[in-house]
Engineer: 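Dumping the structure here so I can ask a few things about it.
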Amino acid sequence: MKALVLAGGSGTRLRPFSYSMPKQLIPIANTPVLEYVLRNILDLGVTEIGVIVGDRAPEIRQALGDGSRFGARLTYIRQEAPLGLAHTVAIARDFLGDDDFVMYLGDNMLPEGIAGIAEEFAAHRPAAHVVVHKVPDPRAFGVAELGPDGTVLRLVEKPREPRSDLALIGVYFFTPAIHEAVRAIEPSARGELEITDAIQWLVSAGAEVRAGQYEGYWKDTGNVEDVLECNQRILEGLRPSVAGEVDGASVLAGPVVVEEGARVVRSRVEGPAIIGAGTVVEDSHIGPHTSIGRGCVVTGSRLEYSIALDGASVTGVQGLRSSLIGRSASVGTTLESTDRYRLVVGDHTRVEVAA
């Protein structure tokens, strides 16, 4: 089996961050989303991975390299324009050959992994095996209608009156039968080759299509709120570790990671929280569910339920909550204040908060 990871999307819902970094590299608990994706794929024993990239290809390549540090072999495949998920299968045809493969959207977080569903696919080996998840409002998703034995009867994209609450969540297992389906379909009204159309073509042609239900935590990290929520969830499994320096006037409460080269000075850090390598936290209070990236400076401030990306600085702000601070961004205050702020600050941006 091979894998096809889709990392070419532009991430319009994550602006301003996606102007300066691919959305698939947004860090969750100080680790890019794409690394979680690769780990889930490697857990299946799959090491041959094609990565679909777009205009941000250099940054994806720089982050992942050739895959050797993960124990994988990565092949980068350029998609010149966002022409649909089924189009990525078409342009990856030479890489995929006649192998079965798993297709995985590179901004999806499934921390419990997909090994159980992969086993279902291997046991039945249908033409396609989609991964579904129960959602409260299926109208915003592609929806799978299933028979009593788990076979897919119909796929409906964003139905007004859903007959099922099982949404497609961006992981698919395919046999080579999908290639005929991709060749057979036409672009949709939005000009894209839709993977749901290709799978529906298989269903209509009488091929076996099954669904596996993922019952763990799932999040499409497509907007700031989802990134922050996902960060909180992943941090809940944090194991404490202190490789940096914590002075005697500081307190670490709960599961806290202080990475190598980081310094915590006269501060309180309440876990779960991560202080990245080379970061300095001084005279500050880092509240729970907070990730501070590498090379940051936090002075005289209080942050909680927040993410600060690499190189960010926060000075004299006592009430940052549920905030996302971009790379090398700077947040300060013109006057001493205990008000609470929720900020979304893009990379290399300076913000001053007035009392």
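Note that the structure is predicted; figures quoted are calculated from it, not measured. Hydrogens, waters and symmetry mates are skipped; everything else that's a heavy atom, side chains included, is used. Here, residue 1 is the first one in the sequence, and each next residue gets the next number.
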Engineer: Step by step, work out the side-chain hydrogen bond (donor to acceptor under 3.5 Å, both in side chains) result for H87 and E192.
Structural biologist: CA-CA 8 Å; H87 180 259; E192 298 186 6; over 6 Å; no
Engineer: Are V314 and T299 close enough, and set up right, to give a side chain to side chain contact (heavy atoms under 4.5 Å, CB included), and what steps lead you there?
Structural biologist: CA-CA 6 Å; V314 181; T299 306; over 6 Å; no
Engineer: For L324, is there any backbone N or O sitting under 3.5 Å from a side-chain donor or acceptor partner on S306?
Structural biologist: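 Flag not set: sc S306 to bb L324 has no pair under 3.5 Å.
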Engineer: List in chain and number order the residues that pass side chain to side chain donor-acceptor pair (under 3.5 Å) with S241, two or more places apart in sequence or in another chain; answer none if no residue qualifies.
Structural biologist: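 Testing S241 for side chain to side chain donor-acceptor pair (under 3.5 Å), a comparison that skips the adjacent residues, returns none.
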Engineer: Salt bridge check: are R73 and E48 linked by an N-O gap of less than 4.0 Å?
Structural biologist: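 Here R73 pairs with E48 in a salt bridge, since their nearest N and O are under 4.0 Å apart.
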Engineer: Test I292 against every option in T279, V297, I274 by the side-chain contact (heavy atoms from CB on, under 4.5 Å) rule and name the one that passes.
Structural biologist: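 Exactly one pass, corresponding to T279.
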Engineer: Taking side chain as C-beta onward, heavy atoms only, is Q213 less than 4.5 Å from I117?
Structural biologist: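 They are not in contact (no side-chain heavy atoms under 4.5 Å apart), so the answer is no.
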Engineer: Any donor and acceptor pair, going by atom type alone, linking the side chain of T88 with main-chain N or O of L85 inside 3.5 Å?
Structural biologist: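 Side chain of T88 to backbone of L85, a donor-acceptor pair under 3.5 Å: yes, one is there.
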Engineer: Using the rule that two of Ile, Leu, Val, Met, Phe, Trp, Tyr join whenever any of their side-chain heavy atoms come within less than 4.5 Å, decide whether L42 and V37 are in one cluster.
Structural biologist: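 Yes.
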Engineer: Using side-chain hydrogen bond (donor to acceptor under 3.5 Å, both in side chains), reason through S291 and N231 one step at a time and then give a plain yes or no.
Structural biologist: CA-CA 8 Å; S291 298; N231 191 65; 3.0 Å; yes
Engineer: Please walk me through it: do F101 and T175 pass side chain to side chain contact (heavy atoms under 4.5 Å, CB included)?
Structural biologist: CA-CA 7 Å; F101 66 98; T175 68; over 6 Å; no
Engineer: Salt-bridged, D55 to R78, with N to O below 4.0 Å?
Structural biologist: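 A salt bridge links D55 with R78.
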Engineer: Is there a salt bridge (Lys or Arg N to Asp or Glu O under 4.0 Å) between E120 and R210? Walk through the geometry before answering.
Structural biologist: CA-CA 9 Å; E120 292 178 19; R210 299 182 64 88; over 6 Å; no
Engineer: Are S164 and E145 linked by a side-chain donor-acceptor pair shorter than 3.5 Å?
Structural biologist: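 Short answer, no.
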Engineer: Determine whether more than 12 heavy atoms belonging to other residues, nucleotides or ligands lie under 6.0 Å from atom CZ of R69.
Structural biologist: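 More than 12 within 6.0 Å, yes.
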Engineer: Roughly how far, to the nearest 0.5 Å, is the CZ atom of R183 from the NE2 atom of H179?
Structural biologist: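 These two atoms lie 8.0 Å from each other.
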Engineer: CG of D94: more than 12 outside heavy atoms within 6.0 angstrom?
Structural biologist: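 At most 12 heavy atoms, drawn from other residues, nucleotides or ligands, come within 6.0 Å of this atom.
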Engineer: Could you check whether R139 pairs with D165 (Lys NZ or Arg NE/NH1/NH2 to Asp/Glu carboxylate O, under 4.0 Å)?
Structural biologist: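 Result for this pair is no, no salt bridge flagged.
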Engineer: Is S313 reaching over with its side chain to a backbone N or O of S330, donor-acceptor style, under 3.5 angstrom?
Structural biologist: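 The answer is no, because no donor-acceptor pair under 3.5 Å joins these two groups.
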Engineer: Identify, with sequence neighbours excluded, every residue that meets ring pair (Phe, Tyr, Trp, His ring centres under 6.0 Å) alongside F95.
Structural biologist: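 Applying ring pair (Phe, Tyr, Trp, His ring centres under 6.0 Å) to F95 gives none.
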Engineer: Mind checking whether H289 and Y305 have parallel, tilted or perpendicular rings, split at 30° and 60°?
Structural biologist: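 Taking Y305 first and then H289, their aromatic rings lie parallel (interplane angle under 30°).
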Engineer: Picking from N223, D107, T221, what satisfies side-chain hydrogen bond (donor to acceptor under 3.5 Å, both in side chains) with K23?
Structural biologist: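 So, applying the side-chain hydrogen bond (donor to acceptor under 3.5 Å, both in side chains) to K23 and each of N223, D107, T221, only D107 qualifies.
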Engineer: Using 0.5 Å steps for rounding, measure from the CE atom of M103 to the CG atom of L105.
Structural biologist: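 Here the interatomic distance stands at 6.5 Å.
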Engineer: Linking I/L/V/M/F/W/Y whenever any side-chain heavy atoms sit under 4.5 Å apart, do L25 and F70 land together?
Structural biologist: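 L25 clusters together with F70.
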Engineer: Once rounded to the nearest 0.5 Å, what's the spacing between atom CD1 of I114 and atom CD of E119?
Structural biologist: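 One finds 11.0 Å between CD1 of I114 and CD of E119.
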Engineer: With rounding to the nearest 0.5 Å, note down the distance linking CD1 in I307 to CD in Q232.
Structural biologist: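 The CD atom of Q232 is 8.5 Å from CD1 of I307, to the nearest 0.5 Å.
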Engineer: Distance alone, cut at 3.5 Å: any donor-acceptor contact between the side chains of Y217 and E236?
Structural biologist: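 Side-chain D/A pair, Y217 to E236: absent.
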Engineer: With rounding to the nearest 0.5 angstrom, report the CG to CG distance, D310 to N30.
Structural biologist: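 Here the interatomic distance stands at 7.0 Å.
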Engineer: Identify whether the distance between the nearest side-chain nitrogen and carboxylate oxygen of R266 and E282 falls below 4.0 Å.
Structural biologist: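 Here R266 pairs with E282 in a salt bridge, since their nearest N and O are under 4.0 Å apart.
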Engineer: Quick check: do V203 and L153 have side-chain heavy atoms less than 4.5 Å from each other?
Structural biologist: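 With C-beta onward as the side chain, the pair stays apart.
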Engineer: Is it true that E161 and R163 have a side-chain N and a carboxylate O under 4.0 angstrom from each other?
Structural biologist: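 Salt bridge flag = no for R163 with E161.
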Engineer: Report the residues that fulfil side chain to side chain donor-acceptor pair (under 3.5 Å) with Y104, sequence neighbours left out, ordered by chain and then residue number.
Structural biologist: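 Per chain and number, Y104 pairs via side chain to side chain donor-acceptor pair (under 3.5 Å) with N40.
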Engineer: Can E270 and H285 be counted as having a side-chain donor-acceptor contact under 3.5 angstrom?
Structural biologist: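 The answer is yes; a qualifying pair exists.
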Engineer: Consider side-chain contact (heavy atoms from CB on, under 4.5 Å). Of D220, L110, V132, which one does I169 pass it with?
Structural biologist: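 Of all the options given, the one that passes is L110.
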Engineer: If you measure from CG on D197 to CG on L202, what distance do you get to the nearest 0.5 Å?
Structural biologist: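 D197 CG to L202 CG: 11.5 Å, rounded to 0.5 Å.
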Engineer: Is there a path from V152 to W201 through hydrophobic residues (I, L, V, M, F, W, Y) whose side chains come within less than 4.5 Å of each other?
Structural biologist: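 Yes, V152 connects to W201 through the hydrophobic network.
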Engineer: In plain terms, say whether R294 and E260 are close enough for a salt bridge, that is, a side-chain N and a carboxylate O under 4.0 Å apart.
Structural biologist: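 Salt bridge between R294 and E260, a charged N being under 4.0 Å from a carboxylate O: no.
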Engineer: List the steps and the verdict of side chain to side chain contact (heavy atoms under 4.5 Å, CB included) for I195 and Y172.
Structural biologist: CA-CA 10 Å; I195 198 66; Y172 311 82; 3.8 Å; yes
Engineer: Using a 3.5 Å distance criterion without hydrogens, assess whether the side chain of S267 forms a donor-acceptor pair with backbone atoms of D283.
Structural biologist: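 Yes.
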Engineer: Do the charged groups of K2 and D100 touch, with an N to O distance under 4.0 Å?
Structural biologist: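 Salt bridge between K2 and D100, a charged N being under 4.0 Å from a carboxylate O: no.
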Engineer: Taking T151 for its side chain and D149 for its backbone only, find out whether a donor-acceptor pair lies under 3.5 Å.
Structural biologist: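 Side chain of T151 to backbone of D149, a donor-acceptor pair under 3.5 Å: no, none is there.
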